[in-house]
K.L.:
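First the structure, then my questions, so here it is.
Computed from a predicted model, the values in this text were never measured in an experiment. Order of the sequence lines sets the chain letters (A, B, ...), proteins ahead of strands, with each chain counted from 1.
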Amino acid sequence: MKVETIKNNYEFRRLYAKGERAGSPRLVIYCRRNRLGVHRLGITVSTKLGKAVHRNKIRRRLKEIFRLNSHRLENGWDIVVVAKQMSRGSDYHELEADFLRTCGRLGLLIPDVSDEGNNR
RNA sequence: UGAGUAAGCCGGACAGCCGCGGGCACAUGCCGAAAGGCCGUGCGUGAGGAAAGUCCGGGCUCCACAGGGCAAGAAUAACGGGUAACGCCCGCCGAAGGCGACUUCAGGAAAAGUGCAACAGAGAUAUACCGCCGCGAUUUCGGAUAUAUACCAUGUCAACUUUUAUGCCCACCAUUAACAGGGCGCAGUGGUUAAUCAUAUCGUUUUCGCGGUAAGGGUGGAAAGGCAGAGGUAAGAGCCUGCCCGACGGCUGGGAACUGUCCGUCGCUGUAAACUCUAUUCGGAGCAACACCGUGGGAGAACAUAUAAGCCUGCCCGGCUGUUCUCAGGAGGUGGCUUGACUCUGCCGGCAACGGCAGAGCUAGAUAGAUGGCUGUCUAAGACAAAAUCCGGCUUACAGACUUACUCACACC
RNA sequence: GGAGAAGUACCCAAGAGGCCGAAGGGGCUCCCCUGCUAAGGGAGUAGUGCGUGUUGAGCGCAGCGAGGGUUCAAAUCCCUCCUUCUCCG
């Protein structure tokens with residue numbers, strides 16, 4: 001399935017202002033319930049993290065993580081992932097672990113599936 | 001073998017699974033009157049040598065002028081060629097660097113004119129402060145020479161005489177005369193100058209003036225071509241001679257810049273990345289350009305007007321709310337948008353950059369922005385780095401791998 | 001993506017080829033004033049990196065975002081980079 005993305009700047013601003021927030025060494029995640037029945041993803045990678053090649057790589061890894069793990073998330077949320085300086089040198093697995101831990105702190109994971117994931 | 005120089009090329013590959021953008025084909029399903037859209041399946045395709053910086057040149061679009069010239073402003077700068085064009089490229093010349101292969105150079109004009117050159121230094125675009133030399137004055141000399149003087153020696157006889165010089169003093173003798181000693185002095189001759197004085201000449205020295213000179217002078221980035229000369233001069237000086245360097249003109253060679261064991265003339269500070277002059281080129285802005293569709297709202301015109309209803313507002317006046325057309329347009333969308341000064345192969349021309357001909361091919365086109373994840377193999381996969389209107393260059397960043405040609409050193413044959 | 005502007009001390013900044021060995025203001029340090037503080041007055045602050053030298057001063061080189069170039073000489077002129085800021089739908 002296709003990943004719905006957040007495109008407009010005012011939607012990002014609304015999430016930063018009113019959304020729930022949780023952080024990790026590599027990521028900060030903002031989330032807010034929407035009425036569309038699907039989840040939407042927004043990714044922010046600032047210029048401080050590197051030049052265009054490295055920023056694109058981080059953005060694509062985060063998008064892939066979201067795509068592969070979206071079945072474990074509850075529906076109907078807007079999620080914005082902000083990459084921090086630490087995520088520059090980290091690979092896919094480190095980012096995925098951070099993402100799942102942070103989503104768990106926000107209560108976004110479906111409990112059964114997340115338990116399965118932890119046991120794995 | 002080692003150390004280099006130049007040019008070129010690559011800059012991960014392969015296999016499996018999941019996933020993304022564009023294209024083509026298909027048809028089950030859903031929406032729609034249709035065009036078509038959504039979802040799906042299959043095939044094929046999908047970032048760079050710099051995509052970067054935005055430093056130049058063009059295509060394209062709009063605005064201005066719709067013809068030419070001048071001025072202003074900007075850019076470029078040996079010469080010849082290439083190119084659509086360029087500040088790019090090739091060849092070649094000159095200069096600098098390197099043993100060499102080779103590299104680097106904004107490399108026109110300073111003798112058209114203007115400006116600037118701090119400090120230092122005698123003096124900075126032409127000088128005369130010191131110095132050297134000549135002339136005039138002044139001054140020093142325990143410098144020289146000559147004369148006079150001084151001193152010493154000799155001599156002081158004779159003759160001559162209008163110049164005191166057979167003169168003066170002392171002693172002796174003696175008051176007549178003769179003989180005869182010493183000293184001083186004069187003239188002449190010879191010598192000395194240790195001390196002193198004068199004059200003249202020469203030298204030397206102090207100061208001043210007039211003139212000559214550009215050899216020398218702790219400066220400076222630069223001091224008026226450089227070196228040598230028992231050439232020359234009062235002292236000097238390219239003033240002269242020989243050699244060297246440079247500029248200009250002629251001649252030779254070359255298509256030209258330029259060149260040379262040639263000839264002649266000359267010896268000019270540097271700076272134009274200061275103004276300037278000469279030659280050549282340039283209208284401005286940029287795909288967030290621009291064109292089209294266009295919601296809500298806005299402006300204008302026409303029609304409708306029931307004196308209907310509602311609202312501002314309780315009443316009067318006034319305004320708004322309707323329909324159609326036009327205008328400008330900012331949400332959003334479509335085009336611009338990828339077939340092009342294109343790529344590959346072969347032949348021909350050219351030293352080369354490049355050009356010509358023939359054949360074959362189509363190779364990203366997104367719009368918050370598509371290339372990611374996992375596993376395995378290749379010994380190892382680690383650099384710089386992501387198209388956004390498109391081309392030609394330049395500049396900057398870059399782990400490593402490879403090819404070709406050439407240079408130097410050493411060893412061997 | 002495109003078009004521009006600016007970088008000088010801790011901060012704001014002047015300086016537009018030579019006397020710059022860097023003006024001025026704020027801030028900071030010390031002193032005076034006051035019973036104490038504030039305000040005010042005075043002095044200092046490119047003393048920062050290296051070298052040399054030292055009781056202390058001093059002297060030389062580098063240094064105006066970085067690196068090259070032109071010039072006898074560069075904060076200033078030219079080129080290339082870096083950083084920051086502004087504007088364009």
K.L.:
Which whole-number value in Å describes the distance from A:Phe66 CZ to B:rG372 C1'?
P.N.:
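About 16 Å, once rounded to whole Å.
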K.L.:
Could you tell me how far apart A:Tyr92 (OH) and B:rG372 (C1') are, to the nearest whole angstrom?
P.N.:
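The answer, rounded to whole Å, is 9 Å.
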K.L.:
So, is B:rG49 syn or anti if syn means the angle is within 90° of 0?
P.N.:
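Syn.
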K.L.:
Does B:rG91 have a Watson-Crick or wobble partner in any strand here, with both distances under 3.5 angstrom, and which is it?
P.N.:
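Base partner found: B:rC79.
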K.L.:
Looking at the base of B:rG373, is there any donor atom on it, or on the side chain of A:Glu64, that sits under 3.5 Å from an acceptor on the other one?
P.N.:
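Answer no: no donor N or O sits under 3.5 Å from an acceptor.
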K.L.:
How many Å lie between CG on A:Asn69 and C1' on B:rC374, as a whole number?
P.N.:
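One finds 13 Å between C1' of B:rC374 and CG of A:Asn69, rounded.
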K.L.:
Using the test ring pair (Phe, Tyr, Trp, His ring centres under 6.0 Å), find all partners of A:Tyr30 that sit at least two apart in sequence or belong to another chain.
P.N.:
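With sequence neighbours excluded, A:Tyr30 shows a ring pair (Phe, Tyr, Trp, His ring centres under 6.0 Å) to A:Tyr16, given in chain and number order.
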K.L.:
Can you find a side chain N or O atom of A:His93 that sits less than 4.0 Å from OP1 or OP2 on B:rG373?
P.N.:
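Answer is no, no contact under 4.0 Å.
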K.L.:
Base of B:rA13 relative to its sugar, syn (within 90° of 0) or anti?
P.N.:
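Anti.
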K.L.:
Taking CG from A:Leu41 and C1' from B:rG19, how many angstroms apart are they, rounded to a whole number?
P.N.:
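Between C1' of B:rG19 and CG of A:Leu41: 15 Å.
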K.L.:
Could you please name the partner base of B:rC14, counting Watson-Crick and G-U wobble pairs only when both distances are under 3.5 Å?
P.N.:
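Answer to the pairing question: B:rG376, which forms a Watson-Crick or G-U pair with B:rC14.
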K.L.:
With a 3.5 Å limit on both atom pairs, tell me what C:rC30 is paired to, counting Watson-Crick and G-U wobble, or say none.
P.N.:
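Across all strands, the one nucleotide that pairs with C:rC30 is C:rG42.
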K.L.:
Please state how far atom CZ in A:Arg55 lies from atom P in B:rA368, giving the value in whole angstrom units.
P.N.:
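Nearest whole value for this atom pair: 17 Å.
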K.L.:
Which value, in whole Å, describes the distance between the P atoms of nucleotides B:rA198 and B:rA165?
P.N.:
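Straight-line distance between the two P atoms is 32 Å.
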K.L.:
Does B:rU193 pair with anything, Watson-Crick or G-U wobble, both distances under 3.5 Å, and if so, with which nucleotide?
P.N.:
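None - no nucleotide pairs with B:rU193, as no candidate has both distances under 3.5 Å.
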K.L.:
When you look at A:Leu95 and A:Arg26, which way does the side chain to side chain contact (heavy atoms under 4.5 Å, CB included) test go after all the steps?
P.N.:
CA-CA 7 Å; A:Leu95 285 173; A:Arg26 298 180 179 83; 4.2 Å; yes
K.L.:
Taking the P atom of each, how far is B:rU125 from C:rG67, in whole Å?
P.N.:
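Those two atoms are separated by 37 Å.
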K.L.:
Considering only atom P, compute the distance from B:rU363 to B:rG23 and round it to an integer number of Å.
P.N.:
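Between the two P atoms, the distance is 14 Å.
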K.L.:
Quantified in whole Å, what is the C1' atom distance between nucleotide B:rA120 and nucleotide B:rG218?
P.N.:
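B:rA120 and B:rG218 have their C1' atoms separated by 11 Å.
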K.L.:
On a whole-Å scale, what distance lies between the C1' atoms belonging to B:rA85 and B:rC390?
P.N.:
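Looking at atom C1' only, B:rA85 and B:rC390 are 16 Å apart.
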K.L.:
In sequence, state the C-alpha distance, the side-chain angles, and the governing distance for A:Trp77 and A:Leu41, and then conclude on side chain to side chain contact (heavy atoms under 4.5 Å, CB included).
P.N.:
CA-CA 9 Å; A:Trp77 290 82; A:Leu41 176 68; over 6 Å; no
K.L.:
Between B:rU371 and A:Arg60, is there an OP1 or OP2 to side-chain N/O distance shorter than 4.0 Å?
P.N.:
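It does, given that an N or O in the side chain of A:Arg60 lies less than 4.0 Å from OP1 or OP2 of B:rU371.
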K.L.:
Consider side-chain contact (heavy atoms from CB on, under 4.5 Å). Of A:Lys63, A:Glu64, A:Arg59, A:Lys57, which one does A:Arg61 pass it with?
P.N.:
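Exactly one pass, corresponding to A:Lys57.
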K.L.:
When you compare B:rC208 with B:rA195, how far apart are their C1' atoms, in angstrom units rounded to a whole number?
P.N.:
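35 Å, rounded to whole Å.
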K.L.:
Can you tell me if the side-chain N/O atoms of A:Arg59 get under 4.0 Å from OP1 or OP2 in B:rA370?
P.N.:
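Yes.
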K.L.:
Distance check needed: B:rG372 P versus A:Glu96 CD, whole Å only.
P.N.:
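Rounding to the nearest Å, CD of A:Glu96 and P of B:rG372 are 17 Å apart.
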K.L.:
Under a 3.5 Å cut-off for both distances, is B:rG298 Watson-Crick or wobble paired, and to whom?
P.N.:
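B:rC327 is the nucleotide pairing with B:rG298.
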K.L.:
Can you tell me how far P of B:rC20 sits from CG of A:Leu68, to the nearest Å?
P.N.:
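After rounding, the gap between these two atoms is 11 Å.
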K.L.:
Counting only side-chain N and O atoms of A:Arg61, is one of them less than 4.0 Å from OP1 or OP2 of B:rG373?
P.N.:
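Yes, within the criterion.
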K.L.:
Hey, could you give me the OG1/CD1 distance between A:Thr44 and A:Ile58, rounded to the nearest 0.5 Å?
P.N.:
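Atom-to-atom, A:Thr44:OG1 and A:Ile58:CD1 are 12.0 Å apart.
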K.L.:
For C:rU80, does the O4'-C1'-N9-C4 or O4'-C1'-N1-C2 angle fall within 90° of 0, making it syn, or is it anti?
P.N.:
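In terms of base orientation relative to the sugar, C:rU80 is anti.
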K.L.:
Are A:Cys103 and A:Ile29 close enough, and set up right, to give a side chain to side chain contact (heavy atoms under 4.5 Å, CB included), and what steps lead you there?
P.N.:
CA-CA 8 Å; A:Cys103 284; A:Ile29 295 181; 4.1 Å; yes
K.L.:
I want to verify the glycosidic state of B:rG22; is it syn or anti under the 90° rule?
P.N.:
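Syn.
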K.L.:
Considering only the P atoms, how many Å lie between B:rU375 and B:rC31, rounded to the nearest integer?
P.N.:
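Going atom to atom, P in each nucleotide, I get 45 Å.
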K.L.:
May I have the distance from A:Asn56 (atom CG) to B:rG21 (atom P), rounded to whole angstrom?
P.N.:
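Taking atom P of B:rG21 as the reference, CG of A:Asn56 is at 16 Å.
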K.L.:
With a 3.5 angstrom cut-off on both distances, give the Watson-Crick or G-U wobble partner of C:rC87, or none if there isn't one.
P.N.:
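Partner of C:rC87: C:rG2.
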K.L.:
Using atom P of each nucleotide, how far apart are B:rG123 and C:rG68 to the nearest Å?
P.N.:
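Per the computed distance, 39 Å lies between those P atoms.
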K.L.:
If B:rA405 has a Watson-Crick or G-U wobble mate with both distances under 3.5 Å, name it; if not, just say none.
P.N.:
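Because both required distances fall under 3.5 Å, B:rA405 counts as paired with B:rU5.
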K.L.:
Above 12 or not: heavy atoms from other molecules or residues under 6.0 Å from CD of A:Glu94?
P.N.:
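Check passes, neighbour count above 12.
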K.L.:
Watson-Crick or G-U wobble partner for B:rG29, using a 3.5 Å limit on both distances?
P.N.:
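Base-paired to B:rC38.
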K.L.:
Which heavy atom of A:Leu27 sits nearest a heavy atom of A:Ala83, and at what distance?
P.N.:
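Closest heavy-atom pair between A:Leu27 and A:Ala83: CD2-CA, 4.4 Å.
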K.L.:
Would B:rA381 be called syn or anti, given that syn covers angles within 90° of 0?
P.N.:
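Because its glycosidic torsion lies more than 90° from 0, B:rA381 adopts the anti conformation.
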